Amino acid sequence: MAVILLFLLPSLAVLDAVPVAFQHTLQGDPYSSKKTSENSFDFTMDDQANFTFTQEGKSWLQSAPAFLYTEGKRFSAEDGSLKLDHRETESGADKMGTWTSQCFVYMAGSRSWKLCAKAWQDPAWPAVVFQQHFINGTDGSAHDTDSVISGFPSFQIQSEDNGFGFLGYQGCMFGDTNSKIGSWTQKGQGLTGGILGGPVAIFDQNHGVCIMAPFSEFMSTSRAVDGNGRVSWGVMGGVISVPTGFVQQSIVYCGNTGINQVFSDWGRFMRTYYNKDDTYRKTDLTVNYLGFYTDNGAYYYHTTEPNKNYEDTILEIKEYIDSMAIPYRYVQYDDWFYPRGPKRGTVTWEPTPAVSPHGFQYIYNITKLPVAAQNMYWSSKTTYAKANGGKYDFIVETDKAIPQDLTFWMDLLKGARLWGLVMYEQDFLDQEFYTMNATQSTVDVAKTWLMQMGQAARATGLTIQYCMSNPRHAMQSLEIPVVTQARVSGDYHPGNDQWLIGESSIFAHAMGIAPWKDNFWTTTDQPGNPYNLSEPYPELEAVVSTLSTGPVGPSDRVGHTNVSLLMQCCRADGLILKPTKPATAIDKQIWQEAWKNGVGPSGQVWTAYSHVGYDWYFGIVLAVDIGADFKLFPSDAGFTSFEALTVITRSNQKTTTPQLSDFGEANPIQLTSGCTRLNFCMYYTSPVINVDRAATQIVIYGEEMKFVPMSPGRVSNIDVTNDDVIVTLQGTTGETITFTNFVNGKLVRHTCKFGQTGIASLGLKDPRSTCQMV
Ligand SMILES: *[C@@H]1O[C@H](CO)[C@@H](O)[C@H](O)[C@H]1NC(C)=O
Ligand SMILES: *[C@@H]1O[C@H](CO)[C@@H](O)[C@H](O)[C@H]1NC(C)=O
Ligand SMILES: *[C@@H]1O[C@H](CO)[C@@H](O)[C@H](O)[C@H]1NC(C)=O
Ligand SMILES: *[C@@H]1O[C@H](CO)[C@@H](O)[C@H](O)[C@H]1NC(C)=O
Ligand SMILES: *[C@@H]1O[C@H](CO)[C@@H](O)[C@H](O)[C@H]1NC(C)=O
Ligand SMILES: *[C@@H]1O[C@H](CO)[C@@H](O)[C@H](O)[C@H]1NC(C)=O
């Protein structure tokens, strides 16, 4: 797909006009929606910093005038109070290649404020970054925390309905709780400004998408939405003074490959710029192995076994899981273990004697289970703060406190390593930020807090889970390598709707964060539970957790785990058999929510895929709560670039034999109202592999007894020879699995028992072939 961005500069003599043009074909990621349009996007900026984004002459985004608050006044290009001093063209090179900027230096009173639009030459990046350089800083800027003190870029939403839809992430849980999807018109967009806001994508029904988002200084960048239909990006509205030399940046990233693909590409751009790779996520025990959870919604949330303390309850859990051979590899402790202050904030992050008379190290020494532990915001009474007689620098306000001290985090986390901590869960990120003054009135306090936490976690060998993150925290994780995972929906309570993570997972996937669904029960009834509730859909909960690519963390009472159900997530050693790409809602589901015009399915249609071996892709479709019949084509699923496909229908009534059928633009999957929460529908796509000079067709299903039958965690390679397909399998010593495939349409099941090495190879053509230990 050709993407061209142009700076079209008028023939003004004062301008050193350097037109920048770049062009690129997107490649590499197979998750590619059907491209019905090859139209490119053009960015055009005039000599007054007015700009538009257009596609084939159609306006997508149009600028509104820039503005800045300083000295208690609002300076705007609109009324001439912001005066253009001169223009500059700049160029250079950074991690993303060579770039060119068109800059406009304004005077706001005596303060110089430079605005630039920057674009890279590399055609891989259909992006424009908008910069605000605070050459002389600002003072007396704060005016409204939910607005911004500076606006550039600022967009004028057109008042007529031009057929655009939008998806805005806002609220907590990675911008899930208040996210909005709708028609992009001035009225009723439902976008909130300020503190809760985050990235906004606008899109049409021709697969075009433009994403607007912060590009740097994530903790102090906001968007404002005003009554005139203007959306502006800049420094958040509570900031009193911006330091001299501060630079704030936002990005517009466009493409015509659909919502999922453009988010994924934008995410790749951001992660590349910030060096956020998947090293820590790939090696994080808590992302990759089954864990036991005790947070809100769990049986043991502020609840123990009768007449036992938490210490003895955890020891009992350990005995139970050992007796059932459930391979939990870590245990999560929640906010029940530490003393809290008047407004619930943490006073000292250590277990009270009532919870654990012998201390957590005692438990760890017995169970040998590594620990993930939650923490909330800090109480103003925290014993760690110098203000309260402690050793460390905190900013202490009326109810809460926030650390500004790397040594504090080093000491805290090093100490917790001794009781088995491997993952630190920072919860209530939103409240620590938006109920404090220092975080919102400065550009650096909140960033320092998260960066120091991340630096200490990295130095002590821990990873971090974000919980209740607003989009600002979510994006700040780009600069913190050890933040591997984050909650992407509200708290689990048996039977509730928080499994609906298909849309928030698009944003998490872009940020390189493993989406975490939260705990769940594997059986419907858990006697004596603190909620007096039951879970009607344990299997759906287990499937969604497994497809999320995040942690899988049940929270049952001792004696109440459905082991055969749960173990469909994992290998015998607890390694989660996950797909490569998390399950995300298809574009058409979002279109349908935006326009409600029958253009997409009513209900949840999510797709994921596994990338196995050198270049094999196995697709997964999950359909739940389907209202009207819907035909799902490979292009809707994002599977267009996969090889010739077949589809295998899974039923959660285990008695049925897998059915193989063609899947193509002529053979869609028919989704019907039969796909419910209890009987949700799952389909697996598989390439047709030709051997014996195309006389034999082999289609791999994989492990029927797993939610993800083909996972890179089990199948490490697929070798196609002239007359066979040989898979390399990985398992736990002594583990027995059944591996299924089709040979010329006929079902073949092989049994494989892993020996000492845990590696086996299996030829798929001959029904009598057996696993060879490697
Ligand atoms: C261009 O920008 C100037 C200064 O910001 C503004 O006054 C003018 O209305 C803008 N023109 C258009 C066409 O938006
Ligand atoms: C603004 O910054 C410029 C460049 O550093 C400097 O020359 C100028 O004196 C500053 N102006 C004010 C009012 O501080
Ligand atoms: C836990 O085991 C370590 C290593 O053996 C030992 O040093 C420590 O004292 C033990 N802690 C408790 C509380 O038993
Ligand atoms: C809020 O924080 C700013 C910056 O730290 C400080 O100047 C201001 O006095 C604080 N306001 C209140 C009400 O505490
Ligand atoms: C628990 O729920 C059941 C059914 O909704 C209800 O009949 C019962 O009174 C509830 N028990 C308590 C202790 O709330
Ligand atoms: C365990 O889950 C399976 C579905 O995987 C179900 O058929 C079975 O009834 C469940 N058993 C219990 C005890 O809930």
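Values in this document were obtained by computation on a predicted structure and should not be read as measured data. Side chains included, hydrogens not; waters and symmetry mates left out as well; all remaining heavy atoms used. Just follow the structure's listing: the first ligand is 1, and inside any ligand the first atom is 1.
- For W419 and Y362, the distance between ring centers is not under 6.0 angstrom.
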Between ligand 4 and the protein, give all atom pairs where both partners are nitrogen or oxygen and the distance is under 3.5 Å, as lines of names plus distance to 0.1 Å.
residue	atom	partner	partner atom	Å
ligand 4	2 (O)	N437	ND2	2.3
ligand 4	2 (O)	S441	OG	2.9
ligand 4	11 (N)	N437	ND2	2.8
ligand 4	14 (O)	N437	ND2	3.1

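- A salt bridge is absent between K400 and E432; no separation between the charged side-chain nitrogens and carboxylate oxygens falls under 4.0 Å.
- The distance criterion of under 3.5 Å between nitrogen or oxygen atoms is met by N50 with respect to ligand 1.
- In this model, no donor atom of one side chain and acceptor atom of the other lie less than 3.5 Å apart for Y293 and Y333.
- There is a side-chain donor-acceptor pair under 3.5 Å between H302 and D335.
- Using a 30° and 60° split on the angle between ring planes, W409 and Y424 fall in the perpendicular class, above 60°.
- For the pair Q361 and ligand 3, the shortest N or O to N or O distance falls below 3.5 Å.
- Inclusion of N365 in the set of residues having an N or O under 3.5 Å from an N or O of ligand 3 is warranted.
- Partner of Y392 under the side chain to side chain donor-acceptor pair (under 3.5 Å) criterion, chosen from T407, D411, T382: D411.
- The distance from ligand 1 to the heavy atoms of A77 drops below 4.0 Å at these ligand atoms: 4 (C), 5 (O).
- A donor-acceptor pair shorter than 3.5 Å can be found between the side chains of S81 and D79.
- W378 pairs with exactly one of F408, F428, W449 by the ring pair (Phe, Tyr, Trp, His ring centres under 6.0 Å) rule, that one being F408.
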